[in-house]
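Remember, it's a predicted structure, so these values are computed and weren't measured experimentally. One-based numbering along the sequence shown.
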Amino acid sequence: MDTHAALYQQGQARLEELRRLAPRHAQTLQDKMEEHGITRRDFMKWSAAVTAMLALPLPFSTLVAEAAELADRVPLIWLHMAECTGCSESLVRADTPNLDSLIFDHVSLEYHETLMAAAGWQAEENLEHALEAYKGNYLLAVEGAIPTANNGAFLTVGCKGHTGLEIIHHAAEGAAAIISVGTCASFGGVQAAAPNPTGAKGVDKVVNKTVVNLGGCPPSEKNIVGTLMYFIMFGKLPALDMFNRPKWAYGARVHDNCERRGRFDAGEFVEQFGDEGAKEGYCLYKVGCKGPYTYNNCPTERFNHHTSWPVLAGHGCMGCSEPNFWDDMADFEKPLGRQLLHGLDATADTVGAVILGATAVGIGAHAVASVFANSKED
């Protein structure tokens, strides 16, 4: 309780600092919500949901609401490196703007190559101005891996031909905090898959600052906006796991929150796509689901306005929020079996026993014994 009280006071102090700064948008968040037919009641429900998602007590929802309204006081610089822009698409591609996209739009977005109108020399000038004008205060978001081979020559950006390696070093120097958005920026992604001729690496491997890794290909918009909100509220980074991912988003295995977990415990598995088990919603482990090895909140937060996620749609989890998933998780439609993963004998039963305690797997351990025995042959 004392810890929460201290954190609440820290949030209040942080927001008071932001109030003293001049707003960077003429239109308030309230104006934007009214324009899109979003009521104050909807906004407060969203604030409560974000508070719960961040694993904070309900009274913090007032801080979340105030932080959202003050988001235009926080400068955000978003860089694109070696990537496909899918992470930005995850956040902004919506047929109807919701509060997540409106909050992102309300942040003082100083530079984003996909969303801004500027190009060429003007874009370069905008970036240089933002890095200098807001030095020490801006939040840096990076999308995409950083090629490092041949001094970064495999990625050059802009009319001045700077390498991604040069840009990230310069931008990271003046950042108040750094967020790697997506698995490419976090762990190298497909660019870092073997044999990795470009020497692609995650941002945290090329800068000397703590970096928040939002693993996922792409991560959900909730994880992006939630991390932004945490920084706006407290001016610091959230608690992180061993791979620098926010614990509130990546603290639980996909397997444990999956709507098909009951089928797993009952020993009911899809044997091949399209069979009767697939039609009945059976567990997808035998056709390659990597949920037992993956940490993310996909089953609870889902994608596209909380509509769905891969397992609900009928395909197994690919483990895309984990380091080196392109190599470690392949083949994506076959079970891993008893392969060592992150230093653990990471089958669904042994991971559960080691990390969560033997009682967590319950009846599941004996129900799948034959599955793991058979998977040795795969």
Side-chain angles (χ1 to χ4, degrees), residues 76-92 109-116 118-132 138-175 177-219 224 243-245 318-332:
L76 172 64
I77 296 174
W78 187 297
L79 299 178
H80 291 266
M81 295 293 153
E83 43 76 43
C84 68
T85 316
C87 299
S88 289
E89 292 278 3
S90 173
L91 181 58
V92 304
L109 189 57
E110 301 298 324
Y111 184 87
H112 189 297
E113 290 159 13
T114 306
L115 301 179
M116 66 187 186
W121 290 100
Q122 184 182 3
E124 291 278 357
E125 291 174 2
N126 288 354
L127 177 58
E128 291 170 4
H129 170 76
L131 293 175
E132 187 59 35
Y138 60 81
L139 178 60
L140 178 65
V142 184
E143 184 175 353
I146 316 298
T148 61
N150 293 354
N151 295 318
F154 289 99
L155 174 66
T156 58
V157 181
C159 53
K160 295 183 179 180
H162 292 308
T163 66
L165 195 58
E166 291 172 326
I167 295 170
I168 197 65
H169 281 157
H170 181 42
E173 183 181 353
I178 306 171
I179 299 174
S180 287
V181 183
T183 293
C184 294
S186 298
F187 309 119
V190 64
Q191 288 77 235
N196 192 11
T198 68
K201 297 180 180 179
V203 175
D204 63 352
K205 296 298 188 293
V206 298
V207 302
N208 294 318
K209 288 187 173 182
T210 299
V211 179
V212 176
N213 291 327
L214 301 183
C217 192
I224 301 171
F243 298 118
N244 277 17
R245 300 173 300 194
M318 296 171 64
C320 71
S321 57
E322 299 302 309
N324 308 314
F325 90 96
W326 281 101
D327 297 320
D328 291 349
M329 300 294 184
D331 181 324
F332 293 125

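- Expressed to the nearest 0.5 Å, how far NE2 of His169 lies from NE2 of His162 amounts to 14.5 Å.
- At most 12 non-hydrogen atoms from other residues, nucleotides or ligands lie less than 6.0 angstrom from CG of Asn208.
- A pairwise comparison of heavy atoms in Gly86 and Glu143 identifies N-OE2, 3.7 Å as the closest pair.
- The CZ atom of Phe243 sits 6.5 Å away from atom CD of Glu322, with the distance rounded to the nearest 0.5 Å.
- The nearest pair of heavy atoms linking Tyr138 to Ala130 is CD2-O, 4.3 Å.
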**Request:** Take Glu173 and Leu131 through the test side chain to side chain contact (heavy atoms under 4.5 Å, CB included) and record every step on the way to the result.
**Result:** CA-CA 9 Å; Glu173 183 181 353; Leu131 293 175; over 6 Å; no
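- Here Glu83 contributes atom CD and Ser88 contributes atom OG; the two are 7.0 Å apart, rounded to the nearest 0.5 Å.
- At least one donor-acceptor pair under 3.5 Å links the side chain of Ser180 to the backbone N or O of Ala185.
- Distance check, rounded to the nearest 0.5 Å: CG of Asp204 to CZ of Phe187 gives 7.5 Å.
- Taking all atoms of both residues into account, the shortest heavy-atom contact from Leu214 to Ser186 is N-OG, 3.3 Å.
- Looking only at side-chain heavy atoms (C-beta outward), His80 and Val157 stay at 4.5 Å or farther from each other.
- Residue Pro219 comes nearest to Val181 through the heavy atom pair CG-CG1, 4.1 Å, listed as atom of the first residue, atom of the second, then distance.
- In this structure, CD1 on Ile146 lies 7.5 Å from CG on Leu155, to the nearest 0.5 angstrom.
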**Message:** Determine whether Thr163 and Asn151 satisfy the following criterion, side chain to side chain contact (heavy atoms under 4.5 Å, CB included), listing intermediate values before the conclusion.
**Reply:** CA-CA 8 Å; Thr163 66; Asn151 295 318; over 6 Å; no
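- Proximity of a side-chain donor or acceptor of Lys205 to a complementary backbone N or O of Gly188 within less than 3.5 Å is not detected.
- Residues Ile224 and Ile179 are not in side-chain contact: their nearest non-hydrogen atoms beyond the backbone lie 4.5 Å or more apart.
- Residues Phe325 and Cys217 share a closest heavy-atom pair of CZ-CB, 4.5 Å.
- Side chain of Thr198 to backbone of Pro147: no donor-acceptor contact under 3.5 angstrom is found.
- The CD atom of Glu89 sits 8.0 Å away from the OG1 atom of Thr114 when rounded to the nearest 0.5 Å.
- Put simply, the side chain of Lys201 never gets that close to the backbone of Thr148: no donor and acceptor are under 3.5 Å apart.
- In this view, Glu128 and Lys160 satisfy the side chain to side chain donor-acceptor pair (under 3.5 Å) rule, not counting sequence neighbours.
- Note: Trp326 and Phe332 meet the aromatic proximity criterion, with ring centroids under 6.0 Å apart.
- No donor-acceptor pair closer than 3.5 Å links the side chain of Gln191 to the backbone N or O of Ala200.
- Closest approach of Leu140 and Ala175 over heavy atoms only: CB-CB, 3.8 Å.
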